[in-house]
Amino acid sequence: MFTAMIETLKKNPRKIVFTEGTDARILEATARLVEGGFLTPVLVGNVEAVKAAAAKGGFNIEGVEILDPATYEGMDEMVETMVALRKGKMSADECRAALSKGNYFGTMLVKQGKVDCLLGGATYSTADTVRPALQLVKTKPGAHLVSSCFIMVRGEEKLAMGDCAINISYEDTLDKDGNVVLSAAQKLAEVAIESAKTAKVFGIDPKVAMLSFSTNGSGKGGTVKLSHDATIIAKQMAPDLMIDGEMQFDAAVAPEVGQLKFPGSPVAGYANTFIFPCIEAGNIGYKIGQRLGGFEGYGPILQGLAAPINDLSRGCNAEEVYKMAIITAAMA
């Protein structure tokens with residue numbers, strides 16, 4: 001999987017910004033990228049502090065561009081752009097203060113097209129990575145929300161799981177008069193379609209299962225109707241996508257169970273892309289896959305943004321940073 005992505009990046013050069021330039025894990029991954037020569041890293045932080053941290057760890061970052069918000073020549077332009085993007089919600093002084101931090105500064109580099117993508121979260125929380133992205137880069141045309149997907153790898157087997165990190169639950173969005181402008185089912189359907197697109201990036205031919213504790217109407221209550229309705233909407237939105245639901249996990253992955261419980265479904269028993277009805281199920285599900293199933297989990301890969309911006313776990317190691325950098329750049 002990564003060999004194919006690296007070959008793609010060799011043909012399509014990309015520049016990625018790391019928002020935490022002094023972190024040893026970031027520096028180790030940066031050194032590997034420099035050695036590989038297929039992706040150009042940019043580090044955010046005080047130049048001397050970054051170089052000192054690299055020297056301390058024995059990481060060769062010679063030639064890597066290091067940008068310090070405190071001395072950046074284009075800061076005034078950044079502030080002006082951010083004020084316009086925030087549309088009166090933040091003053092110039094507030095924008096300047098925000099841009100002094102690596103997460104906002106790095107995100108603005110993406111917005112201005114100075115880099116192609118961003119990877120953060122080694123020390124920042126998920127919220128601190130996603131918030132600047134929503135405020136500055138924003139969602140891509142046609143997208144109504146940001147979601148996430150994990151790619152699960154075990155040998156040659158690859159699966160996709162969404163959303164396991166961003167959307168806690170799905171609720172109707174109402175206007176000021178109480179009318180539904182975007183239903184919960186529409187949101188979940190969008191997550192399914194975006195997760196299928198992400199799956200394709202990783203060479204997965206998506207067969208999407210909308211998961212539940214019910215299969216094809218066998219149960220009621222909870223999130224059953226949400227998953228059922230989202231399936232119908234997703235089929236309307238993406239008629240060429242192989243998707244079905246609602247279904248239980250065993251019906252999604254075991255042909256003998258799937259075809260018994262959901263006869264005639266092209267997905268039941270053969271699913272490789274799984275859409276959970278809430279973050280609790282998704283987060284538990286992918287971690288079970290990691291700890292008991294022996295899968296490596298890559299993500300969360302953020303979906304719905306106008307540019308590739310991804311979040312690391314604060315417990316990540318340098319290997320995960322390196323691989324997530326390749327994944328992020330491959331999506332640019």
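All residue numbers refer to positions in the sequence shown, counting from 1.
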For this session: Give a yes or no on whether Met78 and Val17 share a hydrophobic cluster (residues Ile, Leu, Val, Met, Phe, Trp, Tyr; joining criterion: side-chain heavy atoms under 4.5 Å apart).
Result: yes
Problem set entry | Of all pairs that satisfy ring pair (Phe, Tyr, Trp, His ring centres under 6.0 Å), the ones with a partner from residues 14-55, not counting sequence neighbours | none
Problem set entry | Exercise: identify the closest heavy-atom pair between Gly315 and Glu320 | O-OE1, 4.2 Å
Could you list the donor-acceptor pairs under 3.5 angstrom formed by side chains in residues 126-134, with sequence neighbours left out?
residue: Thr126; atom: OG1; partner: Asp311; partner atom: OD2; Å: 2.5
residue: Asp128; atom: OD1; partner: Arg131; partner atom: NH1; Å: 2.9
residue: Asp128; atom: OD2; partner: Ser125; partner atom: OG; Å: 3.3
residue: Thr129; atom: OG1; partner: Ser125; partner atom: O; Å: 3.4
residue: Thr129; atom: OG1; partner: Asp311; partner atom: OD1; Å: 3.4

For this session: Could you walk me through whether Ile309 and Thr107 pass side-chain contact (heavy atoms from CB on, under 4.5 Å), step by step?
Result: CA-CA 8 Å; Ile309 291 177; Thr107 305; 4.1 Å; yes
Problem set entry | CD1-CD distance between Ile193 and Glu190, expressed to the nearest 0.5 angstrom | 7.5 Å
For this session: Identify the two heavy atoms, one from Ala189 and one from Met237, that lie closest to each other, and give their separation to 0.1 Å.
Result: CB-SD, 4.2 Å
Exercise. How long is the gap from NE2 on His144 to CG on Leu182, to the nearest 0.5 Å?
Worked result: 5.5 Å
For this session: Please lay out, stage by stage, how Leu67 and Val42 fare under the test side-chain contact (heavy atoms from CB on, under 4.5 Å).
Result: CA-CA 7 Å; Leu67 298 179; Val42 176; 4.0 Å; yes
Exercise. Taking C-beta and beyond as the side chain, do Val44 and Pro69 meet within less than 4.5 Å on heavy atoms?
Worked result: yes
For this session: Give the C-alpha distance, both sets of side-chain angles, the deciding distance and a yes or no for side-chain contact (heavy atoms from CB on, under 4.5 Å) between Ser195 and Gln303.
Result: CA-CA 8 Å; Ser195 296; Gln303 305 172 149; 3.4 Å; yes
For this session: Check whether any side-chain heavy atom of Met75 sits under 4.5 Å from a side-chain heavy atom of Leu99, and report yes or no.
Result: yes
Which pairs of donor and acceptor atoms, one on a side chain in residues 28-36, lie under 3.5 Å apart (sequence neighbours left out)?
residue: Thr30; atom: OG1; partner: Ile26; partner atom: O; Å: 2.8
residue: Arg32; atom: NH1; partner: Glu319; partner atom: OE1; Å: 2.5

Problem set entry | Donor-acceptor contact below 3.5 Å, side chain Asp68 vs main chain Ala70 | yes
Exercise. Does any pair with a residue in residues 155-178 pass salt bridge (Lys or Arg N to Asp or Glu O under 4.0 Å), and if so which ones, sequence neighbours excluded?
Worked result: Arg154-Glu157
Show me the donor-acceptor pairs, under 3.5 Å and distance only, between side chains in residues 46-66 and residues at least two apart or in other chains.
residue: Asn46; atom: OD1; partner: Glu48; partner atom: N; Å: 3.1
residue: Asn46; atom: OD1; partner: Ala49; partner atom: N; Å: 2.8
residue: Asn60; atom: OD1; partner: Glu62; partner atom: N; Å: 3.1

For this session: Please indicate whether Ile232 has more than 12 foreign heavy atoms, meaning atoms of other residues, nucleotides or ligands, lying under 6.0 Å from its CD1.
Result: yes
Problem set entry | Side-chain donor/acceptor of Gln186 to backbone N/O of Ser183, under 3.5 Å | yes
For this session: Begin from the C-alpha positions of Ile16 and Leu39 and carry the test side-chain contact (heavy atoms from CB on, under 4.5 Å) through to its verdict.
Result: CA-CA 7 Å; Ile16 186 168; Leu39 178 58; 3.9 Å; yes
Problem set entry | Pairs flagged by ring pair (Phe, Tyr, Trp, His ring centres under 6.0 Å) wherever residues 307-332 is involved - sequence neighbours left out | none
Problem set entry | Leu136 side, atom CG; Tyr104 side, atom OH - distance, nearest 0.5 Å | 7.0 Å
Problem set entry | Heavy-atom check, side chain of Ile301 versus side chain of Phe150, under 4.5 Å | no
For this session: Taking the side chain as every heavy atom from C-beta outward, state whether Thr19 and Leu119 have any pair of such atoms under 4.5 Å apart.
Result: no
Problem set entry | All pairs passing salt bridge (Lys or Arg N to Asp or Glu O under 4.0 Å) where residues 79-97 contributes a residue, at least two apart | Asp76-Arg96
Exercise. Are Val224 and Val191 connected in a single hydrophobic cluster, I mean Ile/Leu/Val/Met/Phe/Trp/Tyr linked by side-chain heavy atoms less than 4.5 Å apart?
Worked result: no
For this session: Find out whether Arg14 and Thr40 are in side-chain contact, i.e. whether some heavy atom of one side chain is under 4.5 Å from a heavy atom of the other.
Result: no
For this session: Please say whether more than 12 non-hydrogen atoms of neighbouring residues, nucleotides or ligands are located less than 6.0 Å from NZ in Lys140.
Result: yes
Problem set entry | Beyond-backbone contact of Lys225 with Asp229, side-chain heavy atoms, under 4.5 angstrom | yes
Exercise. Which value, rounded to the nearest 0.5 Å, describes the distance between Glu194 atom CD and Leu302 atom CG?
Worked result: 11.5 Å
Problem set entry | Heavy-atom pair with the smallest gap, counting every atom of Ala160 and Cys149 | CB-SG, 3.8 Å
For this session: Indicate yes or no: at least one non-hydrogen side-chain atom of Leu312 is less than 4.5 angstrom from one of Met324.
Result: yes
Problem set entry | Closest non-hydrogen atom pair between Val110 and Asp116, with its separation | CG1-O, 4.4 Å
Problem set entry | Residue pair Met108 / Leu85: nearest heavy atoms and the distance that separates them | CE-CD1, 4.1 Å
Exercise. Same hydrophobic cluster for Met161 and Leu145, using side-chain heavy-atom links shorter than 4.5 Å among ILVMFWY?
Worked result: no
Exercise. Quick one: OG1 on Thr8 to NZ on Lys10, what's the gap to the nearest 0.5 Å?
Worked result: 10.5 Å
Seminar exercise, completed: The ring-ring contact (aromatic ring centres under 6.0 Å, His included) partners of Tyr72 (sequence neighbours excluded) come to Phe105
Exercise. Any link between Ile326 and Leu43 through a network of hydrophobic side chains (Ile, Leu, Val, Met, Phe, Trp, Tyr) touching at under 4.5 Å?
Worked result: yes
Exercise. Applying ring pair (Phe, Tyr, Trp, His ring centres under 6.0 Å), which residue pairs with at least one partner in residues 109-133 are found, sequence neighbours left out?
Worked result: none
Give every donor-acceptor pair under 3.5 Å between a side-chain atom in residues 269-286 and any protein atom, sequence neighbours left out.
residue: Asn272; atom: OD1; partner: Lys207; partner atom: N; Å: 2.8
residue: Asn272; atom: ND2; partner: Asp205; partner atom: O; Å: 2.9
residue: Asn283; atom: ND2; partner: Cys164; partner atom: O; Å: 3.1

Mind listing the side-chain donor-acceptor pairs of residues 238-250 below 3.5 Å, one per line with the distance, residues two or more places apart or on another chain?
residue: Asp244; atom: OD1; partner: Lys235; partner atom: NZ; Å: 3.2
residue: Asp244; atom: OD2; partner: Ser265; partner atom: OG; Å: 2.8
residue: Glu246; atom: OE2; partner: Ser214; partner atom: OG; Å: 2.7
residue: Glu246; atom: OE2; partner: Asn216; partner atom: N; Å: 3.3
residue: Glu246; atom: OE2; partner: Gly217; partner atom: N; Å: 2.7
residue: Gln248; atom: OE1; partner: Thr215; partner atom: OG1; Å: 2.7
residue: Gln248; atom: OE1; partner: Lys261; partner atom: NZ; Å: 3.1
residue: Gln248; atom: NE2; partner: Phe213; partner atom: O; Å: 3.4

Exercise. Nearest heavy-atom pair of Ser148 and Ile166: which atoms, and what distance?
Worked result: CB-CG1, 3.7 Å
Problem set entry | Pairs flagged by side chain to side chain donor-acceptor pair (under 3.5 Å) wherever residues 290-302 is involved - sequence neighbours left out | Glu296-Tyr298, Tyr298-Lys323
Exercise. For the hydrophobic clusters of this structure (ILVMFWY residues joined by side-chain heavy atoms under 4.5 Å, transitively), does one cluster hold both Val267 and Val208?
Worked result: no
Exercise. CD of Gln135 to CE of Met90: how many Å apart, nearest 0.5 Å?
Worked result: 6.5 Å
Problem set entry | Leu188 and Ser227, any side-chain heavy atoms less than 4.5 Å apart | yes
Exercise. Under 3.5 Å, is there a donor-acceptor pair between the side chain of Arg25 and the main chain of Cys316?
Worked result: yes
Exercise. Would Thr173 and Lys187 count as having a side-chain donor-acceptor pair, cut-off 3.5 Å?
Worked result: yes
